[in-house]
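For clarity, every value in this text was computed on a predicted model and none was experimentally measured. The residues of the chain are indexed from 1 along the displayed sequence.
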Amino acid sequence: MLEKFLKKSGWTDIVLSLIFVLFGIMLIANPGAIVSFIAIILGIIFIIFGVLKLIEYFNSNRTNRYMLAIAIVAIIAGLVIMNCADIISSIFRIVIAIWIIYSGIMNLQTAIIWKDYKSRLWLTSLILSIAIILAGIYILVNSGAILQTIGIIILVYAIANIIESLIFIKKVNNYLG
């Protein structure tokens with residue numbers, strides 16, 4: 001049961017990493033368009049949410065002023081987001097950096113476990129984990145990092161994480177079976 005769960009977890013990491021590969025390639029190829037696209041999508045989501053709350057407010061005999069406030073704030077937030085792609089870029093950079101650092105720390109813990117089991121691949125896993133953490137820290141502290149650089153780092157992270165996950169899946173049978 002544990003073995004099945006661990007393998008499924010490893011494959012989930014691979015799928016997420018493949019999404020990061022695609023996203024990294026798109027950031028490298030056309031970063032401005034990606035940031036604008038994300039801003040437009042987020043803005044539309046907020047506006048739709050606001051409009052739905054506004055409809056709900058008018059259908060509820062206008063008794064819930066809180067719902068009206070939420071609707072107005074959501075619509076305004078959506079318009080601001082759609083017109084402030086640079087702010088979205090900063091927030092995006094921070095969220096991606098935190099995700100990468102977290103993933104690297106989790107992989108580091110796995111490397112330490114493999115060392116305890118005397119696996120020959122623990123050193124490779126350790127080096128990849130440290131590289132992932134350093135990439136995340138670079139993205140976090142370097143606010144001037146151009147989006148293509150972030151795309152390259154995301155791509156490297158995703159490939160390293162795929163390798164790490166494949167090692168993990170391969171070794172689950174050996175140590176738990």
Rounded to the nearest 0.5 Å, what's the gap from [atom1] on [X] to [atom2] on [Y]? Could you check?
X      : Y      : atom1 : atom2 : answer
Leu126 : Ile112 : CG    : CD1   : 7.5 Å
Ile101 : Leu108 : CD1   : CG    : 13.0 Å
Phe58  : Met67  : CZ    : CE    : 11.5 Å
Ile55  : Ser60  : CD1   : OG    : 12.0 Å
Leu155 : Ile25  : CG    : CD1   : 5.5 Å
Leu166 : Ile163 : CG    : CD1   : 8.0 Å

**Prompt:** Who passes side chain to side chain donor-acceptor pair (under 3.5 Å) against Ser17, sequence neighbours left out?
**Reply:** Asn161
Considering non-hydrogen atoms only, spot the tightest contact between [X] and [Y] and give its length.
X      : Y      : answer
Trp122 : Ala111 : CB-O, 3.7 Å
Phe20  : Ile154 : O-CG2, 3.3 Å
Ser129 : Gly104 : CB-O, 3.7 Å
Gly43  : Met82  : CA-CG, 3.4 Å
Ile100 : Ile132 : CG2-O, 3.2 Å
Ile139 : Ile153 : CD1-CG2, 3.4 Å

Can you tell if the side chain of [X] reaches within under 4.5 Å of the side chain of [Y], non-hydrogen atoms only?
X      : Y      : answer
Asn107 : Leu128 : no
Ile81  : Ile45  : no
Ile70  : Phe49  : yes

**Prompt:** So which pairs with a foot in residues 45-61 pass salt bridge (Lys or Arg N to Asp or Glu O under 4.0 Å), sequence neighbours left out?
**Reply:** Lys53-Glu56
**Request:** If a pair satisfies salt bridge (Lys or Arg N to Asp or Glu O under 4.0 Å) and one of its residues is in residues 126-136, list it, with sequence neighbours excluded.
**Result:** none
**Item:** Sequence neighbours excluded, every pair satisfying ring pair (Phe, Tyr, Trp, His ring centres under 6.0 Å) that has a member inside residues 59-78
**Value:** none
Grouping I, L, V, M, F, W and Y whenever their side-chain heavy atoms are under 4.5 Å apart, do [X] and [Y] come out in a common cluster?
X      : Y     : answer
Val51  : Leu42 : no
Ile75  : Val80 : yes
Ile47  : Ile41 : no
Tyr102 : Ile14 : no
Ile19  : Phe37 : no

**Asked** Is there a donor-acceptor contact under 3.5 Å from the side chain of Ser103 to the main chain of Trp99?
**Response** no
**Message:** Other residues, nucleotides and ligands only: do more than 12 of their heavy atoms fall within 6.0 Å of OH on Tyr57?
**Reply:** yes
**Request:** Please name all residues satisfying ring-ring contact (aromatic ring centres under 6.0 Å, His included) with Phe23, sequence neighbours left out, ordered by chain then number.
**Result:** Phe92
**Residue pairs fulfilling side chain to side chain donor-acceptor pair (under 3.5 Å) with at least one residue in residues 38-52, sequence neighbours excluded** = none
